[in-house]
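Have a look at the structure below before the remarks.
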Amino acid sequence: MCLTIPAKVISVEDSGDNLPLKRITIRDSRGERSITALFEDIRAGDWVLYASDMAVEKISEDDAREILELLEPRSHIDISRLDSVFLEILKACHTRELRREEIIRLLHASEGVEMEALLSEANTIRQARLRDFFCIHGIIEFSSHCVRNCLYCGLRRDSNDIQRYRMRPDEIVNSVYDAVNRRGYKLIVLQSGDDFYYTDDMLCDIIRKIKEKCRVFIFMSVGERSRTSYEKMKDAGANGVLFRFETSNKAIYNSIHPGQSYDERIALLLEMKKLGYFIATGFLIGLPGQTVEDIADDIITIKSLGANMVTVGPFIPSDVTPLALHPAGSAAMTLKVTAISRLLTPKAKIPVTTALETIENEAGRKLGLSSGANALMFNLTPEKYRGDYMIYPNKYHGKEEFWEKYGLYKEELSYKMLEKKMSEAFEE
Ligand code: SAH
């Protein structure tokens with residue numbers, strides 16, 4: 001489901017005949033242009049929502065202004081106040097790969113003009129390269145059981161006092177069916193703890209049933225299973241994986257993932273890529289012992305893995321974990337990483353993560369979208385289970401209806417556009 005953009009109608013061409021489609025001229029932040037309207041009742045002065053050179057719906061001026069306010073570009077930056085080295089790095093990203101030291105310098109962007117310049121540059125690249133193409137995706141968290149013991153995660157095996165649940169296969173299929181066929185979602189992540197109650201056959205059956213009934217991209221986020229499992233799920237119709245490497249610092253990785261290995265996780269990710277999955281990957285910000293240099297390496301790792309989707313969020317402490325007293329990752333660092341990821345991978349899909357929304361609320365959504373992110377990921381877990389998927393507490397959700405109102409571009413073309421964007425993500 002892709003977000004449409006509001007624009008004001010400047011003029012309507014008199015088509016003369018009784019064609020159902022009309023040519024109209026619209027004006028938005030990028031100037032005037034001629035597009036096709038998919039409806040007849042349209043006049044100069046009206047506001048429309050458009051996507052991919054087609055006006056898909058008429059909306060009120062108030063609604064248009066509300067959404068424009070959320071998407072408006074950042075304010076103009078006075079670049080004469082920028083450090084010349086910093087400015088050179090921002091310029092260099094358009095013509096060549098940034099070096100590690102340069103990424104580190106950007107991560108050290110000071111609050112104020114440097115940070116504004118970095119986020120603004122990412123926002124401009126996003127607007128120029130992706131033509132304001134936003135998407136809203138959904139995530140269904142179908143099981144909170146987990147055999148792993150990750151030190152930061154509230155669902156870890158040793159969290160005894162939490163309520164755990166498993167959705168039945170038919171409940172999972174029906175939830176996706178509702179999200180796709182009623183609400184218009186085109187990409188759904190199915191996430192769970194590493195829960196082997198669901199056999200390969202069960203997961204494949206779920207995927208097949210979904211694919212029989214819905215035209216949707218399915219991303220699996222079910223953790224470490226064998227290569228064969230992932231091969232079977234791919235054959236059943238899964239399109240992508242959401243599988244973070246969490247941190248590229250092996251020592252940190254191994255210290256917070258008892259019984260797991262960084263090398264094995266990366267090897268599995270590479271196998272998934274070979275199997276033809278779209279790759280959504282990323283890391284956590286604010287892990288114990290993590291330095292700015294580590295974060296630069298994390299960004300370089302994302303780039304070298306050729307991710308189609310970048311998913312980076314702040315660590316949030318959970319009371320039921322050994323890291324309960326460790327401070328949350330910083331929102332400012334998350335925005336810098338979002339922006340740098342956009343500079344390095346101009347076409348990647350970068351959703352605003354729920355964890356950023358959780359530490360910044362609705363402002364986090366807007367900040368993320370104006371710092372290079374181009375997608376939102378809404379929680380579609382059925383209400384009765386949602387509170388029990390406690391990887392961290394107080395998970396943000398809100399205003400989904402507001403955003404969904406503009407994500408109405410539900411036709412087949414929207415699926416095709418998404419498919420194209422996903423494949424283009426890493427082409428130059
Ligand atoms: N079992 C799956 C899904 C894990 S949960 C897997 O291993 O891939 C999805 C993501 O939530 C994790 O990859 C992790 O990055 C994030 N997460 C877990 N605990 C968190 C916390 N306390 N704060 C922020 N993000 C967390």
Side-chain angles (χ1 to χ4, degrees), residues 137 139-159 162 164 166 189-198 203 219-226 229-230 233 238 240-249 252-253 256-262 264-266 268-269 272 277 279-288 290 295 298 301-302 307 309-331 333-334 337 351-360 364 377 379 381 386 388-396:
H137 305 314
I139 180 162
I140 294 173
E141 302 148 333
F142 65 90
S143 162
S144 64
H145 289 260
C146 193
V147 299
R148 314 276 176 221
N149 224 0
C150 311
L151 262 56
Y152 48 84
C153 184
L155 300 183
R156 65 199 301 270
R157 189 178 64 220
D158 287 354
S159 293
I162 62 165
R164 303 211 190 235
R166 286 188 176 114
V189 178
L190 293 181
Q191 189 174 83
S192 66
D194 287 23
D195 183 4
F196 293 90
Y197 162 85
Y198 298 89
L203 291 179
F219 272 54
M220 301 305 286
S221 183
V222 293
E224 291 182 33
R225 301 173 82 97
S226 67
S229 304
Y230 277 98
M233 290 190 283
V241 286
L242 193 162
F243 189 75
R244 288 176 167 173
F245 55 86
E246 315 293 2
T247 169
S248 62
N249 178 319
I252 298 178
Y253 185 94
I256 57 179
H257 297 102
Q260 288 175 268
S261 126
Y262 176 79
E264 281 173 20
R265 193 154 175 106
I266 292 286
L268 181 55
L269 195 48
M272 293 164 172
Y277 279 106
I279 302 291
T281 192
F283 58 95
L284 285 166
I285 290 173
L287 292 171
Q290 188 184 46
I295 295 179
D298 292 338
T301 303
I302 289 185
M309 193 191 290
V310 176
T311 156
V312 176
F315 156 78
I316 298 174
S318 158
D319 275 353
V320 296
T321 67
L323 296 185
L325 298 178
H326 187 75
S330 117
M333 184 54 92
T334 307
V337 170
V352 179
T353 47
T354 310
L356 176 65
E357 294 168 356
T358 299
I359 56 176
E360 291 282 312
M377 181 86 70
N379 191 328
T381 307
R386 204 178 276 187
D388 291 331
Y389 197 79
M390 282 276 261
I391 50 182
Y392 52 80
N394 306 318
K395 229 190 260 173
Y396 176 77

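Quick note: numbers below take in every heavy atom, side chains included, and nothing from hydrogens, waters or symmetry partners. Note that the structure is predicted; figures quoted are calculated from it, not measured. One-based numbering, in listed order, for ligands and for the atoms of each.
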Contact summary for Ser261 and Tyr253, nearest pair of heavy atoms: C-CE2, 3.5 Å

Within the 3.5 Å criterion, strictly below it, is a donor on Thr321 or Arg156 matched to an acceptor on the partner's side chain? no

With distance as the sole criterion, is a donor-acceptor pair present between the side chains of Asn379 and Thr381 under 3.5 Å? yes

Has the side chain of Asn149 got a donor or acceptor atom that lies under 3.5 Å from a matching backbone atom of Asp158? yes

Applying the side-chain contact (heavy atoms from CB on, under 4.5 Å) criterion to Val222, which one of Tyr230, Phe243, Phe196 satisfies it? Tyr230

Can you pull the residues with any heavy atom under 4.0 Å from ligand 1? Tyr152, Cys153, Gln191, Ser192, Gly193, Asp194, Ser221, Gly223, Arg244, Glu246, Arg265, Leu284, Pro314, Phe315, Ile316, Ile391, Tyr392

Taking the side chain as C-beta and beyond, is there a heavy-atom pair between Arg166 and Tyr197 under 4.5 Å? yes

